[in-house]
Number of protein chains: 2
Amino acid sequence: MKKILKNSPIYPIEKWRITEKEFDIETNYLDETIFSIGNGYIGIRGNFEEGYNGPGDTTLDGTYINGFYESEPIVYGEKAHGFGEVKETMLNVTNSKIIKLFIGNEEFDLLKGNIIDYKRVLDMKNGVLIRNIIWESPIGKRVKITIKRVAPFENKHLLAIDYQITPLNFSGEITLESAIDGDVRNQESKGDPRVGSSLKGQALKVIGKEQIDGYGALIQETINSQFVLICAMDNELETNNDYKIENNEFNQRLVSRYKINCKKGEKVKLNKYITYYTSRDYPIKEVLSRAKVNLYDAQYDGFNKLLRDQRRFLDEFWNDADIKINGDDVIQQGIRFNLFHLLQSVGRDGKTNIAAKGLTGEGYEGHYFWDTETYILPFFLFTEPEISKKLLKYRYNILDRAKQRAKDVAHNKGALYPWRTIDGRECSAFFPAGTAQYHINADIIYALKQYVEVTEDKEFLLDYGAEMLFETARLWEDLGGYVQKKDNKFCINSVTGPDEYTAIVNNNFYTNSMAKMHLDFAYKTAMEIKNEYSNIYQRLVEKIGLNEKEIKSWKKAADNMYLPYDEELGIHPQDDNFLEKEVWDFENVSKDKYPLLLNYHPLIIYRYQVCKQADVVLALFLLGNKFDKQVKKRDFDYYEKITSHDSSLSNSIHSVIASEIGYYKKAYDYFLQTARTDLDNYHKNSEHGVHTACMAGTWMCVVNGFGGMRVYNGELIFNPHLPDKWDSYKFKIRFKMKKIEIKVKKNEVKYTLLEGDELTFKHKDDKINLKHGESVRLPLKV
Amino acid sequence: MKKILKNSPIYPIEKWRITEKEFDIETNYLDETIFSIGNGYIGIRGNFEEGYNGPGDTTLDGTYINGFYESEPIVYGEKAHGFGEVKETMLNVTNSKIIKLFIGNEEFDLLKGNIIDYKRVLDMKNGVLIRNIIWESPIGKRVKITIKRVAPFENKHLLAIDYQITPLNFSGEITLESAIDGDVRNQESKGDPRVGSSLKGQALKVIGKEQIDGYGALIQETINSQFVLICAMDNELETNNDYKIENNEFNQRLVSRYKINCKKGEKVKLNKYITYYTSRDYPIKEVLSRAKVNLYDAQYDGFNKLLRDQRRFLDEFWNDADIKINGDDVIQQGIRFNLFHLLQSVGRDGKTNIAAKGLTGEGYEGHYFWDTETYILPFFLFTEPEISKKLLKYRYNILDRAKQRAKDVAHNKGALYPWRTIDGRECSAFFPAGTAQYHINADIIYALKQYVEVTEDKEFLLDYGAEMLFETARLWEDLGGYVQKKDNKFCINSVTGPDEYTAIVNNNFYTNSMAKMHLDFAYKTAMEIKNEYSNIYQRLVEKIGLNEKEIKSWKKAADNMYLPYDEELGIHPQDDNFLEKEVWDFENVSKDKYPLLLNYHPLIIYRYQVCKQADVVLALFLLGNKFDKQVKKRDFDYYEKITSHDSSLSNSIHSVIASEIGYYKKAYDYFLQTARTDLDNYHKNSEHGVHTACMAGTWMCVVNGFGGMRVYNGELIFNPHLPDKWDSYKFKIRFKMKKIEIKVKKNEVKYTLLEGDELTFKHKDDKINLKHGESVRLPLKV
């Protein structure tokens with residue numbers, strides 16, 4: 001195990017804000033990520049409206065639209081049958097935030113003149129990014145600049161900027177150039193898959209433009225995927241002074257230039273509204289009109305209305321989702337930052353999902369992984385269940401492609417969800433750590449099962465879930481088989497588990513355990529539908545050929561699933577051969593060799609007992625009622641020693657299990673690794689984007705870990721403890737249309753039913769029943 | 001097991017020739033391969049001098065120089081540390097055979113006019129390709145054309161063409177255009193790695209040219225590897241008629257045009273000499289002059305001298321290498337064709353090797369594999385040992401790159417030979433079936449060990465072999481380890497054996513067995529050098545840090561090597577988990593699904609007990625004295641059932657072991673699959689080039705299989721039998737500077753010592769001693 005990192009906070013500790021007090025080239029790249037804003041559809045990094053002229057490796061100018069991608073063939077040095085064919089890359093889209101400022105002939109540039117005052121704030125309560133600057137030009141003219149930027153959660157196609165300038169020590173001409181620029185391209189990865197993409201050159205070509213007064217629109221099209229994108233802006237100047245407006249177009253940039261005769265001390269204000277629409281959202285013929293109507297409406301309502309709506313939306317969000325910590329503002333800030341970014345990143349339309357780096361960077365090409373279902377979806381499920389439903393709906397929408405994928409690989413039946421994708425195709429170009437991770441199917445079904453248990457939304461299960469469930473269950477049946485040498489148990493060979501430091505193994509414990517859950521759930525659901533919803537059953541018989549024989553075979557496979565167990569050590573081996581490998585030499589491998597994947601050929605890593613992340617330990621959490629506490633402890637003790645946590649998905653799971661088995665100190669230490677991962681740049685790569693799964697891991701550490709929350713067989717259970725350093729913490733959980741608040745203090749936990757007539761749940765082993773508005777206080781052991 | 005193929009002969013059965021009696025577009029592509037000629041340096045496909053205007057997919061116009069390549073970065077969709085960086089691709093070089101013929105204004109073209117008579121002959125005794133044609137032009141002019149083409153074995157930089165035309169029914173102008181063309185490019189693979197390369201466009205750019213009279217030279221350079229290539233021609237016209245010569249240059253083509261006033265019945269003859277020199281052979285400043293001198297000399301000596309030299313060279317070759325069959329001319333022809341092509345393909349300069357498709361096509365990019373040491377080198381070792389020495393010298397010459405490769409992968413020490421390469425770098429872009437095949441190291445050392453035992457060339461071992469041996473032994477030590485769960489045996493995890501239908505496994509039986517041999521040989525050699533050649537030992541201590549501790553550790557690892565054995569079945573499992581997989585459903589998978597690699601994702605294939613080729617069975621052959629006959633029989637019985645023979649390297653090994661265990665019928669059937677693989681196009685892909693390893697497999701089937709020849713511990717052993725269909729067969733073996741002939745008839749084998757004072761060997765278990773010139777006849781059981 002590696003040493004636990006300790007970083008000191010980069011930004012001041014504030015409960016609801018992230019503040020940058022000084023502009024610094026050194027931290028600019030990271031700041032751009034931290035001050036990203038987004039609404040689950042549009043995401044925009046914290047790049048400056050005026051541009052940035054620092055060194056190229058200290059910035060990434062990026063604006064993204066969730067699910068808007070370019071495709072290109074995946075190139076292989078050597079290719080084999082069934083390898084993924086097409087890569088999808090989330091595009092860096094039209095640069096729309098540009099507002100250049102000229103004072104006389106001097107261009108506003110933070111790298112020139114003097115910065116007299118500077119503050120940038122990400123306000124998480126109001127959902128707005130604000131910059132306040134007092135700047136003195138090289139010849140001594142001072143201006144006060146205030147810029148607000150908002151990506152409205154309730155109007156996903158919109159971005160708005162409120163730009164205010166006040167000349168402080170002069171009167172004279174000021175020019176504002178508001179622009180949208182179609183000449184954008186993605187960052188090239190240069191070998192590190194965590195950074196950028198393989199996409200080269202400009203993928204979005206300009207195919208049309210319109211410009212009149214402060215309005216301008218660019219119509220662009222992707223070369224291969226042939227999607228159309230509209231980016232339109234409308235500018236509105238508020239001033240008592242004379243001004244001229246002039247439209248310009250050069251290269252692929254539309255500029256509206258305002259020349260204003262400013263008076264000392266008199267504020268000038270430019271409101272810029274921006275919309276993005278794509279042909280993935282609406283028919284091509286509609287997109288431009290819709291973009292314009294949205295612009296006009298937004299301008300009509302004004303910027304302040306957007307701010308009010310944003311605040312109302314966020315009040316509701318925080319009311320459901322906030323975790324309140326008393327006694328540790330550092331952590332408080334980290335948690336809120338994480339939850340806020342999750343909300344900013346998540347697609348809520350059933351056609352998009354949540355990328356590994358949200359909408360804050362280009363690493364992993366904007367792909368969706370199992371991170372969604374295993375790490376992120378639970379947060380939404382228990383706070384904003386409608387969003388979790390949309391995430392599952394997304395999987396339903398790509399089910400046909402998953403069926404096609406199973407065929408392409410040469411499976412005889414079923415559906416195989418892609419390891420990484422945007423639009424449903426397998427975009428992994430390295431199958432040992434991609435397609436071989438068949439557990440993705442079970443991860444999705446686990447989320448579906450949780451969703452149904454927590455929301456009781458049977459309708460979704462019948463209309464969409466069942467089809468996904470059965471098609472994916474079929475794949476396990478095709479994939480695995482009864483092996484004589486393993487007492488005719490159902491074995492699953494040649495797969496890769498969550499831990500990518502071991503690949504293509506037999507009977508990965510996590511995979512088999514999850515497949516067992518999956519097949520069992522498929523059997524029970526099929527039987528229930530057959531017995532209780534005969535019309536639905538009939539529809540499934542017709543549509544997907546569901547039949548009794550296979551339903552029974554799922555039960556048989558689940559009942560006979562082979563789960564590796566080592567009698568001698570009393571632990572679950574990660575796979576059939578895991579314990580037959582040498583243990584990685586943590587003592588003698590220097591720190592700079594981590595993450596191992598950047599320093600060793602995969603074959604070297606595969607040869608050792610070393611885990612990139614929780615694998616067996618993750619199964620202990622997800623399927624916690626299937627294993628007793630003693631084996632959990634032995635497993636945790638064993639695997640903790642050999643886990644490098646090179647993945648940001650690892651610490652949270654270790655924290656949750658450490659909490660469960662009473663390793664409270666460890667639980668807290670692991671939690672610390674997740675709570676401020678991006679805010680304090682623990683992995684030294686947050687400049688490339690936030691780690692969304694890790695952010696959601698923070699929530700798990702508190703709710704599932706410290707709060708000890710589980711849902712087993714539809715029953716809600718808590719088993720809380722209080723970290724030593726805290727005075728108290730509280731959070732709320734939505735469960736079966738009800739809402740409960742859990743407040744944990746020294747020696748005491750208080751449960752309050754906030755919504756719903758009544759709720760029965762368990763505190764440890766005790767059943768508790770609460771009526772609406774009731775609270776119960778229960779003692780905790782110290 | 002798949003059904004055994006039976007193809008009827010495509011060409012007439014002749015003992016020393018391959019003849020094509022009719023020109024046919026349908027078979028043109030294959031014919032081009034079959035009628036390839038080469039001398040181990042230059043290889044030229046059987047393309048016509050006049051060009052070919054048939055459909056594009058019925059031809060590949062190709063001329064190759066062994067080891068002359070272009071490099072380019074390997075592109076990965078997802079890359080990880082230590083992946084091969086650079087691909088090397090054997091280039092299709094300057095097209096130099098061009099001789100166009102015009103009768104008046106009518107261009108000679110086999111697709112036009114009438115072919116009155118046609119014959120093409122590959123004469124394997126004389127080493128010449130001959131075409132005889134009588135052609136009638138569309139307007140009715142008849143010419144007789146005779147073309148001889150030779151690639152002299154004793155002048156590797158040279159090609160020569162003797163082109164004769166006789167007007168049969170007219171007098172008039174005939175034009176001959178002799179040209180060399182620099183505008184050449186490689187075939188693109190379109191996904192099938194067995195076909196072409198990923199190299200796109202023209203890799204060889206023309207950087208200079210010279211032309212005067214019948215002489216012309218093109219100087220070309222590769223873009224990335226920056227090698228210089230000279231291709232020069234000199235033309236000499238022999239005629240009693242008037243003629244004009246005119247030089248032309250267009251695009252990248254130099255043309256010498258001869259306009260001749262021909263008389264009916266009078267032969268005109270053009271001698272064309274061509275040389276190729278590259279900066280890989282000589283310093284750049286020398287290459288052009290050397291090319292010219294070689295041309296002048298060849299022209300001075302004349303074409304007939306080349307033919308005489310070629311015949312003499314081949315007489316010697318056949319005298320050593322021929323296998324003579326009485327009673328089966330079909331097989332006789334196949335064997336000679338295979339041995340002839342091996343000679344044409346093999347590099348004999350210590351800087352080049354033998355490519356998977358020789359110099360007859362572009363499949364596998366002209367790379368050298370383990371095919372050399374395991375399949376091809378033995379043929380040369382026992383017939384032309386000097387060539388086998390050169391092949392080993394090649395491995396010594398790339399040792400530094402193998403050491404670098406070990407570092408790149410992140411091994412702590414040693415050398416790792418590349419799975420596929422030209423110039424020593426790992427060119428495999430799919431490591432599970434490339435770099436993971438660590439057995440390549442042992443395969444090379446096995447060949448070295450055999451070489452030393454068979455030739456007693458201790459000098460080579462001391463000067464070159466030892467360093468290769470010890471550096472590669474070190475790698476096993478770094479790679480493997482003593483595993484507690486395996487009784488502290490030395491285990492080798494995460495490797496791929498010869499059978500690529502299973503990848504990244506633990507304790508592959510072949511690999512571990514070969515590593516044991518390797519480490520043991522390293523130990524014994526090191527001890528011998530230490531005790532008997534202290535100056536050499538000292539040099540190795542200084543040069544590679546050889547030390548006693550590691551020498552001992554090699555012995556310990558060899559002595560404790562883990563070799564999987566299944567008590568229940570009494571067989572050697574292919575690896576630790578092989579028997580825990582389901583058996584491939586040969587019964588119900590249709591024929592068109594083979595080779596499996598073209599129809600199933602690797603993960604599907606990995607999941608079954610199905611072998612692409614001999615794996616355990618190969619170990620039984622190479623390490624035959626380590627296993628008793630009963631286990632060999634059980635292993636063979638087991639693996640034969642699950643082997644698809646999708647690799648052309650499989651049948652020969654099965655034939656040899658079938659012979660050994662007395663399955664004579666099967667031995668012969670498997671042999672049939674190798675003897676005429678290319679000649680009868682068994683794999684339906686010989687158009688892309690011959691299968692050199694399979695060709696050498698034929699020799700093994702006869703010598704090691706039917707002849708039962710082995711060398712164990714420096715002792716030569718025979719255990720012959722006669723295939724039912726044959727009257728007799730005979731072959732010769734060079735062993736310890738001696739030469740013995742083995743003739744097997746019904747009921748009898750006759751051994752004759754042809755060279756050397758005396759030789760002791762074994763016939764079955766009996767020691768036989770022969771003096772020079774002596775023979776012994778021994779009875780065989782029927």
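Quantities reported herein were computed from a predicted structural model and do not represent experimental measurements. Sequence lines set the chain letters: A, B, ... in the order given, protein chains first and strands last, and positions in each chain run from 1.
- Of the listed residues (Gly434(A), Gly77(A), Ser494(A)), the one with the most heavy-atom contacts under 4.5 Å to chain B is Ser494(A).
- Of all the listed residues (Leu579(A), Asp478(A), Thr502(A)), the one sharing the greatest number of non-hydrogen pairs under 4.5 Å with chain B is Leu579(A).
- If you measure heavy-atom distances from Ile604(B) to chain A, the contacts under 4.5 Å come from the side chain alone.
- Contacts of Leu479(A) with chain B are made by both backbone and side-chain atoms, with heavy-atom separations under 4.5 Å.
- Note on Phe431(A), Phe430(A), Tyr608(A), Tyr438(A): by heavy-atom pairs under 4.5 Å with chain B, the leading option is Phe431(A).
- Both the backbone and the side chain of Lys581(B) come within contact range of chain A, with heavy atoms under 4.5 Å apart.
- Checked against a 6.0 Å centroid threshold, the rings of Tyr364(A) and Phe369(A) count as neighbours.
- With Glu580(A) as reference, Lys486(B) is the one residue of Lys489(B), Lys486(B), Lys485(B) to meet the salt bridge (charged side-chain N to carboxylate O under 4.0 Å, His left out) rule.
- Taking chain B as the reference chain and counting heavy-atom pairs below 4.5 Å, the highest number among Asn506(A), Asn577(A), Asn507(A) is found for Asn577(A).
- Proximity of a side-chain donor or acceptor of Asn512(A) to a complementary backbone N or O of Tyr562(A) within less than 3.5 Å is detected.
- In this structure, Trp419(B) has its ring center under 6.0 Å from that of His439(B).
- Ion pairing of Lys357(B) with Glu362(B) is absent here, as no side-chain N (NZ or NE/NH1/NH2) approaches a carboxylate O to less than 4.0 Å.
- Here the two rings, on Tyr565(A) and His572(A), have centers that are under 6.0 Å apart.
- In this structure, the side chain of Tyr69(B) does not engage the main chain of His367(B) through any donor-acceptor pair within 3.5 Å.
- Contacts between Ser428(B) and chain A at a heavy-atom distance below 4.5 Å involve backbone atoms as well as side-chain atoms.
- Between Trp584(B) and Tyr600(B), the ring centre distance stays below 6.0 Å.
- Proximity of a side-chain donor or acceptor of Arg405(B) to a complementary backbone N or O of Thr435(B) within less than 3.5 Å is not detected.
- Using a 4.5 Å heavy-atom cut-off against chain A, the contacting residues of residues 406-416 of chain B are Val409(B), Ala410(B), His411(B).
- Only the side chain of Ile74(B) comes within contact range of chain A, judged by heavy atoms closer than 4.5 Å.
- With a 4.5 angstrom heavy-atom cutoff, Tyr76(B) touches chain A only via backbone atoms.
- Contacts of Leu596(B) with chain A are absent, with no heavy-atom separation under 4.5 Å from either backbone or side chain.
- Heavy-atom distances place both the backbone and the side chain of Val75(B) under 4.5 Å from chain A.
- Of the listed residues (Asp575(B), Asp615(B), Thr496(B), Asp499(B)), just one forms a side-chain hydrogen bond (donor to acceptor under 3.5 Å, both in side chains) with Asn508(B), and that residue is Asp615(B).
- In this structure the side chain of Ile504(A) never reaches within 4.5 angstrom of the side chain of Tyr606(A), judged on heavy atoms.
- For the salt bridge (charged side-chain N to carboxylate O under 4.0 Å, His left out) criterion with Lys87(A), the lone passing option out of Glu70(A), Glu365(A), Glu72(A) is Glu365(A).
- Only the side chain of Glu568(B) comes within contact range of chain A, with heavy atoms under 4.5 Å apart.
- The shortest side-chain heavy-atom distance between Asn560(A) and Tyr482(A) falls under the 4.5 Å cut-off.
- Ranked by non-hydrogen atom pairs under 4.5 Å with chain A, the options Arg607(B), Gln484(B), Lys593(B), Glu582(B) are led by Arg607(B).
- The contact between Phe83(B) and chain A is made by backbone and side chain atoms together, counting heavy-atom distances below 4.5 Å.
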